[in-house]
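Everything on this sheet refers to the single structure shown next.
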Amino acid sequence: MTTTPRSPRLLLLSTVVLAVLGVAVLGVPHGQEPSAPEPSSTATADPSSAASAPPDDKGTVETAPSPAPVASTPSVMESALPPHGEGMAGDRAVQQSLEEAWPADLPADDEQMLLAAGRGLLRADATGAGRAKWPDAFRDSGQAVAPAFATARFRIQAAIARRDGRPNKAVVHLVWAGRDRGGTFTDLRITDWFFTRAIKKGATTWTPQPRT
């Protein structure tokens, strides 16, 4: 096989062309290289600016802040009273709840006097027994009154005596249980008796107020 020798003129032309191209490339000043094409308006924006832009209303789901827990503040009576039907075993808790709800504010002698009177008045009012002893409290004490509760299951669960606004006024708070004439037994009943203090011949007396 025979190879045709290249023409010297063709080699010279190729060398000149390469030399011209080299000079043209070296002659371009630095910093004038063609810059990359700018992104179009539909391209993704800068992440920093995108983060600061408000979100679209249609695609935003707002989460309401969780409400603060509501503190539970039950009264002393509601939190300390035993359940209905607890019996005499729960009477101590009832007494303690009354004493915590209303701290003592009477002299010990007056408090004991009022407690004894309040217990007697409640028993007479509920069962009808001993009403004649309290003519000022029971205006109908001379009449035959059918008792509303039986004496057999009547029980005073707790009682306290406290001032009623003024030094010469007092109230006895009583919690009690009993069976009515229909045969229904209910405990944790509440009754208040009000008293007025008077001093006669140097002795202090507490007079119960009529029931209204």
Side-chain angles (χ1 to χ4, degrees), residues 73-212:
T73 56
S75 65
V76 175
M77 289 291 291
E78 292 176 350
S79 61
L81 286 182
H84 287 280
E86 184 74 10
M88 297 182 64
D91 291 353
R92 182 178 180 85
V94 179
Q95 181 67 39
Q96 183 177 358
S97 67
L98 284 177
E99 294 174 354
E100 291 178 353
W102 292 285
D105 56 4
L106 286 168
D109 293 343
D110 288 343
E111 184 176 3
Q112 293 303 318
M113 188 184 305
L114 287 164
L115 285 175
R119 291 173 182 271
L121 285 164
L122 175 59
R123 183 178 296 276
D125 187 31
T127 65
R131 287 197 174 194
K133 183 180 178 181
W134 312 96
D136 294 334
F138 303 104
R139 301 295 173 83
D140 57 351
S141 58
Q143 304 175 4
V145 179
F149 292 85
T151 58
R153 305 227 23 213
F154 175 83
R155 184 177 89 255
I156 297 177
Q157 299 178 266
I160 59 171
R162 299 292 185 262
R163 287 183 179 178
D164 186 29
R166 289 179 291 177
N168 64 333
K169 300 287 185 180
V171 57
V172 178
H173 302 284
L174 302 113
V175 182
W176 56 286
R179 183 178 62 190
D180 60 23
R181 285 180 291 179
T184 302
F185 178 83
T186 307
D187 58 357
L188 299 180
R189 294 176 178 269
I190 299 175
T191 297
D192 290 338
W193 278 97
F194 296 89
F195 293 80
T196 300
R197 185 181 66 175
I199 299 178
K200 295 180 180 180
K201 297 179 180 180
T204 300
T205 60
W206 290 94
T207 303
Q209 302 302 300
R211 300 294 300 273
T212 57

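Below, all heavy atoms of this structure are taken into account, side chains as well, without hydrogens, waters or symmetry copies. Keep in mind that what you see is a predicted model, and the values were worked out from it rather than measured.
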| message | Return the CD to CG distance between Q96 and D91, rounded to the nearest 0.5 Å. | response | 13.0 Å
| Any side-chain heavy atom of L174 sitting closer than 4.5 Å to one from R189? | no
| Is the shortest heavy-atom distance from the side chain of L121 to the side chain of F138 under 4.5 Å? | yes
| side chain to side chain contact (heavy atoms under 4.5 Å, CB included) partners for R166, two or more places apart | N168, K169
| remark: Sorted by chain and number, sequence neighbours left out, salt bridge (charged side-chain N to carboxylate O under 4.0 Å, His left out) with D110 holds for none
| task | Write down the atom of T196, the atom of Q209, and the distance for their closest heavy-atom approach. | result | OG1-NE2, 2.8 Å
| remark: So the salt bridge (Lys or Arg N to Asp or Glu O under 4.0 Å) pairs with at least one residue in residues 194-205 (sequence neighbours excluded) are none
| task | Among residues two or more places apart or on two chains, list those pairs meeting side chain to side chain donor-acceptor pair (under 3.5 Å) that have a residue in residues 111-120. | result | E111-R162
| task | Please check if the side chain of T127 supplies one atom and the backbone of R123 the other of a donor-acceptor pair under 3.5 Å. | result | yes
| From I156 atom CD1 to L122 atom CG, the distance as rounded to the nearest 0.5 Å | 5.0 Å
| field | Residues forming a side-chain hydrogen bond (donor to acceptor under 3.5 Å, both in side chains) with D192, sequence neighbours excluded | value | H173
| request: Working to the nearest 0.5 Å, report the span between CD1 of I160 and CD of E100. | output: 11.0 Å
| request: Return the set of residues passing ring-ring contact (aromatic ring centres under 6.0 Å, His included) with W176 (not counting sequence neighbours), or none when no residue passes. | output: F149, F154
| What closest approach, in Å, do P208 and W134 show between heavy atoms, and which atom pair accounts for it? | CG-CE3, 4.1 Å
| Taking side chain as C-beta onward, heavy atoms only, is L188 less than 4.5 Å from V94? | yes
| remark: Residues A159 and L98: closest non-hydrogen pair is N-CD1, 4.1 Å
| How far apart are the closest heavy atoms of L114 and A161, and which atoms are they? | CB-CB, 3.7 Å
| message | Please give me the minimum heavy-atom distance between G118 and V172, naming the atom from each residue. | response | CA-CG1, 4.2 Å
| request: Using atom types as modelled and distance alone, determine if a side-chain donor or acceptor of D164 lies under 3.5 Å from a backbone N or O of V171. | output: no
| query | Quick one: does R163's side chain have a donor or acceptor within less than 3.5 Å of a partner on D105's backbone? | reply | yes
| query | Are any of the side-chain heavy atoms of D125 and R131 separated by less than 4.5 Å? | reply | yes
| Least distance between heavy atoms, F185 atom then R155 atom | CZ-NH1, 4.3 Å
